[in-house]
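Working notes, structure below.
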Amino acid sequence: MVSLTADLSPLRPDRNLALELVRATEAAAIRAVPFIGRGAKEAADGAAVDAMRAFLGTVDFDGRVVIGEGEKDNAPMLFNGEHVGSGTGTGPQCDIAVDPIDGTSLTAAGRQNALSVIAVSDRGTMLDASSVFYMDKLVTGPAGVGVVDIRLPIGENIRRLAAALGKPVEEIVVSVLNRPRHEQLIADIREAGAGTRLMSDGDVAGGINAARHGARTDMCVGVGGSPEGIVTACAIKALGGHIQGRLWPRDDDERQRGIDAGLDMDKVYEADDLVSGNNTIFVATGVTDGQLVAGVRREGDYLYTESVVLRSASGTLRRIASEHLVSKWL
C-alpha cells in the first residue's frame, strides 16, 4: 500500500493530489449551474455526479468511496465501495468521501451555501457510517477542544465555549439545521442566551464555518447526515477544531443495520474515530454563494469558481480562484 504520508515516496501525492481533486469539484459545481433555482435537485445532483466521476477518473490514485452521498433519497451518486482514479496502479490508495453537491435542495431553490465536496484520507482510516444515515454532531473551533462535550446540555457547552473564547454568551452564535427535530434544541440555545443561525441545508459548510478562524459562527450542533459528518471531520482536522458525533438511527431496523455493520450506537465518536490519522485532504468548490466560498458565476466568455483546500498534514487552508473558458464547457 502506498501511504499518503510516506515521506520517502516519490509520488508525494498530498499537495498534488489536493490540486487534482479541485478539478473534480470545480467540474461538478460548473455542471450544476444550469439547474440552480430550477427546482430540479436530482437533475442537478446527476449532472454533478457525472462530472465528478469523469474527472476523478483522470486522477492518478486508487480512491475507494467509503462515503457516497445519495443513498438516503435514492438520488444519483458515486456508490459506496466504488473505486475511482486513473487505474494505473501507481498512485496512493485512499479512502474517499464524496458529495458532488452538499445542498441539492439549496441548489434547486437558488439558495446560498451549496458546495461540491471531496474528502480524502489514507486507506482504512475513514469510518464507514453508511448504514446509519444520520448523526448528531457538535463542531467548534480550536477553543472548544477539551472544553465542550456533546454529552453535556447545550447551555453548558455554550457557557464553556464563551469562557474559552473570552466573549459574552450573548455574542455566541450557533448554527443548526432548521428542522422540526431541532425545535427544542433551538429553544435551549436561545434560552442560554446565545443566538442561532438556522440553516436550511448544507451542514458541511456550517461545521467548517464554526471551526474556521474569524468566521461568524462559533458552534454547529444538531442532527445531520452521517456522510456529512465524516466529510466535516476531514476538514476539522486541518483546522485544529473539535468534532464529536453520535449515530442517530431513525428506527429499530436502521439501528440493527448499524450494529451489524460494526457501529456502536451508544458511542461518542471523536475526530480520530471518524477519521484516524493526521493526513486528510478536504476540497470544496462553491456551487452557490456562501460564507465559506463564492458560487460559480458567468461573465461573458468566462466562468469563475472559488474553492478551498484544507490539509491536516500542514494545517493550511488555501483558496483557489479559477477562470474557465465557457467554450471548453459547452
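All figures in this text were calculated on a predicted structure; none of them were measured in a lab.
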>> Can you give me the closest heavy-atom contact between Gly103 and Ala114, atom names plus distance?
In response: O-CB, 3.7 Å

> Which residue pairs pass the salt bridge (Lys or Arg N to Asp or Glu O under 4.0 Å) test when at least one of the two sits in residues 162-176, sequence neighbours left out?
Replying inline: Lys167-Asp218

> If you take all heavy atoms of Pro100 and Val49, which pair is closest and at what distance?
Replying inline: CG-CG2, 3.6 Å

>> Can you confirm whether Lys237 sits close enough to Asn278 that some side-chain heavy atom of one is under 4.5 Å from a side-chain heavy atom of the other?
In response: yes

> Do Phe282 and Val204 touch side chain to side chain, with heavy atoms closer than 4.5 Å?
Replying inline: yes

> Honestly, is Arg255 close enough over Trp248, meaning NZ or CZ under 6.0 Å from the six-membered ring centre and within 45° of the axis?
Replying inline: no

> Just by distance, with hydrogens left out, do Ser307 and Arg319 show a side-chain donor and acceptor under 3.5 Å apart?
Replying inline: no

>> Would you say Ile243 ends up clustered with Ile67 if hydrophobic residues are merged whenever their side chains have heavy atoms under 4.5 Å apart, either directly or through other cluster members?
In response: yes

>> Would you say CZ of Arg181 has more than 12 non-hydrogen atoms from neighbouring residues, nucleotides or ligands within 6.0 angstrom?
In response: yes

>> I'd like to know if Leu247 and Leu177 are part of one continuous hydrophobic network [Ile/Leu/Val/Met/Phe/Trp/Tyr, side-chain heavy atoms within less than 4.5 Å].
In response: no

> CG of Asp251: more than 12 outside heavy atoms within 6.0 angstrom?
Replying inline: yes

> So do Arg298 and Val326 actually touch side chain to side chain, heavy atoms under 4.5 Å?
Replying inline: yes

> What about Val231 and Leu292, same hydrophobic cluster or not, with Ile/Leu/Val/Met/Phe/Trp/Tyr joined at side-chain heavy-atom distances under 4.5 Å?
Replying inline: yes

> Is it true that a side-chain atom of Asn113 and a backbone atom of Gln291 form a donor plus acceptor pair closer than 3.5 Å?
Replying inline: yes

> Is the NZ or CZ atom of Arg257 both under 6.0 Å from the centre of the six-membered ring of Phe133 and within 45° of that ring's axis?
Replying inline: no

>> Return the CG to OG distance between Asp260 and Ser131, rounded to the nearest 0.5 Å.
In response: 8.5 Å

>> I'd like to check Arg318 versus Val308 (side-chain heavy atoms, cut-off strictly below 4.5 Å). Are they in contact?
In response: no

>> Run Val22 and Phe55 through side chain to side chain contact (heavy atoms under 4.5 Å, CB included) and show every step you take.
In response: CA-CA 10 Å; Val22 169; Phe55 273 78; over 6 Å; no

>> Testing the basics here: between Pro142 and Ala211, what is the closest heavy-atom pair and its distance to 0.1 Å?
In response: CD-O, 3.9 Å

> Under 4.5 Å between any side-chain heavy atoms of Met265 and Pro249, yes or no?
Replying inline: yes

> What residues form a side chain to side chain donor-acceptor pair (under 3.5 Å) with His182, not counting sequence neighbours?
Replying inline: none

> Given Leu21 and Phe61, is the side chain to side chain contact (heavy atoms under 4.5 Å, CB included) satisfied, shown in steps?
Replying inline: CA-CA 10 Å; Leu21 295 175; Phe61 80 131; 4.3 Å; yes

> Should side-chain heavy atoms under 4.5 Å link Ile, Leu, Val, Met, Phe, Trp and Tyr, which residues sit in the same cluster as Leu138?
Replying inline: Val147, Val148, Ile150, Ile154, Ile158, Leu161, Leu165, Val169, Ile172, Val174, Val176, Leu185, Ile186, Ile189, Leu198, Met219, Val221, Val268

> Linking I/L/V/M/F/W/Y whenever any side-chain heavy atoms sit under 4.5 Å apart, do Ile236 and Tyr269 land together?
Replying inline: yes

>> Strictly below 4.0 Å, N to O, side chains only: are Asp149 and Arg160 in salt-bridge contact?
In response: no

> Under 3.5 Å, is there a donor-acceptor pair between the side chain of Ser226 and the main chain of Val132?
Replying inline: yes

>> Consider side chain to side chain contact (heavy atoms under 4.5 Å, CB included). Of Asp95, Leu127, Asp99, which one does Ile230 pass it with?
In response: Leu127

>> Starting from Met199, can I reach Tyr134 by hopping between I/L/V/M/F/W/Y residues whose side chains sit under 4.5 Å apart?
In response: no

>> To the nearest 0.5 Å, what is the distance between CG on Asp301 and OG on Ser327?
In response: 7.0 Å

> Is Gln244 close to Asp136 at the side-chain level, that is, under 4.5 Å between some pair of heavy atoms?
Replying inline: no

>> Checking Arg111 against Ser200 for the side chain to side chain contact (heavy atoms under 4.5 Å, CB included) test, could you report, in this order, the C-alpha distance in whole Å, the side-chain angles of both residues, the deciding distance, and whether it holds?
In response: CA-CA 9 Å; Arg111 294 176 179 163; Ser200 58; 3.9 Å; yes

> In terms of side-chain heavy atoms, does Ser322 have a donor or acceptor partner in Glu26 at a distance below 3.5 Å?
Replying inline: yes

>> With heavy-atom distances below 4.5 Å as the criterion, would you say the side chains of Asp62 and Arg123 are in contact?
In response: yes

> Which distance, rounded to the nearest 0.5 Å, do you find between the CG of Asn178 and the OG1 of Thr196?
Replying inline: 8.5 Å

>> Has Arg31 got a side-chain atom pairing as donor or acceptor with Trp329's backbone, closer than 3.5 angstrom?
In response: yes

> Please walk me through it: do Glu228 and Lys137 pass salt bridge (charged side-chain N to carboxylate O under 4.0 Å, His left out)?
Replying inline: CA-CA 10 Å; Glu228 289 85 349; Lys137 289 164 276 190; 5.2 Å; no

>> For Tyr304, does the six-membered ring have the charged nitrogen or CZ of Arg297 within the cation-pi criterion, i.e. under 6.0 angstrom from the centroid and within 45° of the normal?
In response: yes

> For the atom pair SG (Cys234) and CG (Leu274), what is the distance rounded to the nearest 0.5 Å?
Replying inline: 9.0 Å

> Can you tell me how far CD1 of Ile320 sits from CD of Glu306, rounded to the nearest 0.5 angstrom?
Replying inline: 10.0 Å

> Any salt bridge between Arg246 and Asp266, counting N to O under 4.0 Å?
Replying inline: no

> Tell me, do Ser130 and Val66 make a side-chain contact under 4.5 Å, heavy atoms counted?
Replying inline: no

>> Going by side chain to side chain contact (heavy atoms under 4.5 Å, CB included), Leu115 matches just one of Val293, Thr107, Thr288. Which one?
In response: Val293

> Charged N to carboxylate O below 4.0 Å: is that the case for Asp273 and Lys267?
Replying inline: yes

> Strictly by modelled atom types, are Thr25 and Thr285 linked by a side-chain donor-acceptor pair under 3.5 Å?
Replying inline: yes

>> If only side-chain N and O atoms count, and only distance matters, is there a donor-acceptor pair under 3.5 Å linking Asp252 with Gln256?
In response: no

>> Would Val59 and Leu17 count as a side chain to side chain contact (heavy atoms under 4.5 Å, CB included) here? Give the steps.
In response: CA-CA 8 Å; Val59 179; Leu17 179 59; 3.6 Å; yes

> Looking only at atom types and distance, does a side-chain atom of Asn209 sit under 3.5 Å from a main-chain N or O of Ala205, one as donor and one as acceptor?
Replying inline: yes

